[in-house]
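Here is the structure we will look at, set down as structure tokens.
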There are 2 protein chains.
Amino acid sequence: MRKEAEERRNEILDAADELFSQRGFDGTSTKEILEKVGIARGTLYYHFKSKEDIMDALIERYSVNLLETAQEIAANKTIAINERIIGVVLALKISGGSSKEIMEHIHKPQNALMHQKIQKVIINGVPPILTGIIREGIEQGLFNTPFPYECMEMVVVYMNTVFDDDMVEMTNEEQATRIQAFTFNIERLLGVESGSLMSIVKQMFENGKG
Amino acid sequence: MRKEAEERRNEILDAADELFSQRGFDGTSTKEILEKVGIARGTLYYHFKSKEDIMDALIERYSVNLLETAQEIAANKTIAINERIIGVVLALKISGGSSKEIMEHIHKPQNALMHQKIQKVIINGVPPILTGIIREGIEQGLFNTPFPYECMEMVVVYMNTVFDDDMVEMTNEEQATRIQAFTFNIERLLGVESGSLMSIVKQMFENGKG
DNA sequence: TTTTATCGACAGACAGTCGGTCTATAAGGA
DNA sequence: TCCTTATAGACCGACTGTCTGTCGATAAAA
């Protein structure tokens, strides 16, 4: 029955994670959460000050995990630069275990707020990590741009909006064109020869499946 | 008392427009809307099937107006290409009268869903318009890219996310750097000489104030 | 007479509050 | 050392007020 506050908090977050993933934030009632955990109303509000507070805690837990994983990959200097870039991008989608299916269900309209908040985390958290790698690449003469951070910001924003969200509806053919164009554009942005990033971008989309 | 359906619909939309702008979608109750219009509950639900339906109609009305204005500017061949690009971009912010303050209040977290829907309209509606102008520019030898559409998509997505939303919090100094980098990146994307788009981008941000 | 617009009472659901309970453990006294 | 009392942290569930959407009745127009 009685548990440590942190344990209870996590139980509540686990339950909310699953329910929000299935039904969305608006589609989940606090009653469903507390019944799933097996606690009373008051207990829920003892640990969290509001329903949105639960969502914020969930995103926090998720983000920390996500960005830590990405950072670890980025900092691993034993791996080639190209491989690290791929690894960081893929880490965003596979989502390291803690919040299992959040990313799969985040795109539904019921989750607009949650989506926006996660988007914010990614847009602010990922470019700095990627920029570190790109700077190394610039030193090695692989890339050439005076604005590596803003390049990465542009790339991350675009990928997240066009390829990961349902903002743009595309046929498979249209998506193939988009990927081709995207590759071409990144090459221009990073100041490398046309075609030299084809394999790396290809890998991102194949392994990530979208 | 009794009015034509379309007139009532518009009254309701006008009231909702104002209230949503002030308090956001979630923060506005249907009661407030119907009291502002001076009708009973049943009447509201006679004209709209749900609260979200009101929002969708509002966005529809807003979008049509917005994209029509942008299209008119884009099609006006008496104006120089550069001027038309600026005009289209500015049309997005100034928002042509119909929905007065929507864009000013859209960024608050309470409006996440509305924001997402408008974002979708812009990302799908604006790039085609801009691409038309860019293609003309390519023919005239002003620009050089095999992927004008995808370039514009990238530019629009980036501007809307980084400069128009509150996704990225920036100091004035940081914003200045972002604009400088943004200009540089567009130049690379459109295959023009460094510095040649400086004045046009500058105008966009000065006239639009953000 | 049929269609169209309006009304307002009502049902059902939901988020968050509040007064109070229970228990482990710490503090203090014998 | 043992017993009693005090405290704080975890928990409970009834209750409040609010909100969205429904429905049958009604009035006006066509």
Side-chain angles (χ1 to χ4, degrees), chain A residues 1-61 108-114 116-117, chain B residues 1-59 61 105 108-114 116-117:
Chain A
M1 286 274 136
R2 198 187 156 86
K3 307 228 173 123
E4 288 288 310
E6 201 187 314
E7 196 183 341
R8 255 294 127 79
R9 254 183 87 90
N10 274 320
E11 280 182 20
I12 294 170
L13 288 180
D14 288 338
D17 189 359
E18 209 171 316
L19 289 169
F20 288 171
S21 296
Q22 286 163 13
R23 308 199 225 297
F25 179 74
D26 288 343
T28 303
S29 69
T30 52
K31 197 182 171 206
E32 286 174 302
I33 297 173
L34 56 93
E35 275 172 3
K36 186 168 182 114
V37 181
I39 54 173
R41 267 201 105 55
T43 309
L44 188 80
Y45 282 89
Y46 174 76
H47 293 283
F48 295 93
K49 79 177 218 293
S50 70
K51 195 183 166 191
E52 188 171 344
D53 192 35
I54 297 176
M55 180 175 67
D56 288 339
L58 208 50
I59 291 173
E60 171 69 18
R61 198 174 70 163
K108 291 165 190 161
Q110 308 121 351
N111 297 342
L113 182 56
M114 209 189 329
Q116 196 182 73
K117 289 186 175 184
Chain B
M1 283 271 139
R2 198 185 156 85
K3 303 216 176 141
E4 287 290 308
E6 202 188 315
E7 195 183 341
R8 253 297 126 77
R9 253 183 87 90
N10 275 319
E11 280 183 18
I12 294 169
L13 288 178
D14 289 338
D17 188 0
E18 207 173 316
L19 289 168
F20 288 172
S21 296
Q22 286 163 11
R23 310 198 223 296
F25 179 74
D26 287 343
T28 303
S29 70
T30 51
K31 196 181 173 210
E32 285 174 303
I33 297 173
L34 57 94
E35 274 173 2
K36 185 167 183 115
V37 181
I39 54 173
R41 279 204 90 61
T43 308
L44 187 81
Y45 281 89
Y46 174 76
H47 293 282
F48 295 93
K49 76 177 219 293
S50 69
K51 194 184 168 192
E52 189 171 344
D53 192 35
I54 298 176
M55 180 174 68
D56 287 340
L58 208 50
I59 291 173
R61 197 173 72 163
H105 300 265
K108 289 163 191 162
Q110 308 121 351
N111 296 341
L113 182 56
M114 208 187 333
Q116 197 181 71
K117 290 185 175 185

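Worth knowing before you read on, the calculation uses all heavy atoms, side chains too, and leaves out hydrogens, waters and symmetry mates. The structure presented is a predicted model; accordingly, all values stated were derived computationally and were not measured. In the text below, chain A, chain B and the rest are named by the order of the sequence lines, each starting its count at 1.
Interface residues of residues 40-53 of chain B facing DNA chain C, ordered by number: B/A40, B/R41, B/G42, B/T43, B/Y46, B/H47; criterion, heavy-atom separation under 4.0 Å.
Computed from coordinates, the B/E4 CD to D/dA29 C1' distance equals 10 Å when rounded to whole Å. D/dG21 atom C1' lies 13 Å from atom CD1 of B/I33, rounded to whole Å. The separation between B/I54 atom CD1 and D/dC19 atom P is 14 Å, rounded to whole Å. Distance, A/L34 CG to C/dG16 P: 12 Å, rounded to whole Å. Rounded to a whole Å, the CD atom of A/E6 is 16 Å from the P atom of D/dG9. Per the geometry, CD1 belonging to B/I39 stands 17 Å off C1' belonging to D/dA27, to the nearest Å. To the nearest angstrom, P of D/dC12 lies 11 Å from NZ of A/K3. If you take CD of B/E32 and C1' of D/dT20, they are 13 Å apart, rounded to a whole angstrom.
Summarising the geometry of A/I54 relative to A/F20, their closest heavy-atom pair is CG2-CE1, 4.4 Å, with the distance given to 0.1 Å. Across B/L13 and B/A57, no two heavy atoms sit closer than the pair CD2-CB, 3.9 Å. Shortest non-hydrogen contact noted between A/I33 and A/A16 is CD1-CB, 4.2 Å.
Nearest nucleotide to the A/R2 side chain, out of C/dA5, D/dT20, D/dA10: D/dA10.
Considering B/R61, B/R9, B/K36 as possible partners of B/D14, the one that fulfils the salt bridge (charged side-chain N to carboxylate O under 4.0 Å, His left out) test is B/R61. Of the candidates A/K117, A/K51, A/K49, A/K117 is the only one forming a salt bridge (charged side-chain N to carboxylate O under 4.0 Å, His left out) with A/D56.
For the pair A/K31 and B/A5, both in contact range of DNA chain C, the more 5′-proximal nearest nucleotide belongs to B/A5.
Heavy atoms of other residues, nucleotides or ligands lying less than 6.0 angstrom from NZ of A/K3 number more than 12.
Between B/R8 and C/dT6 there is a side-chain polar atom (N or O) within less than 4.0 angstrom of OP1 or OP2. The shortest distance between the side-chain N/O atoms of B/T30 and the OP1/OP2 oxygens of D/dC19 is not below 4.0 Å.
A donor-acceptor pair is defined here as one N or O able to donate and one able to accept, closer than 3.5 Å; no such pair exists between the side chain of A/E35 and the backbone of A/E32.
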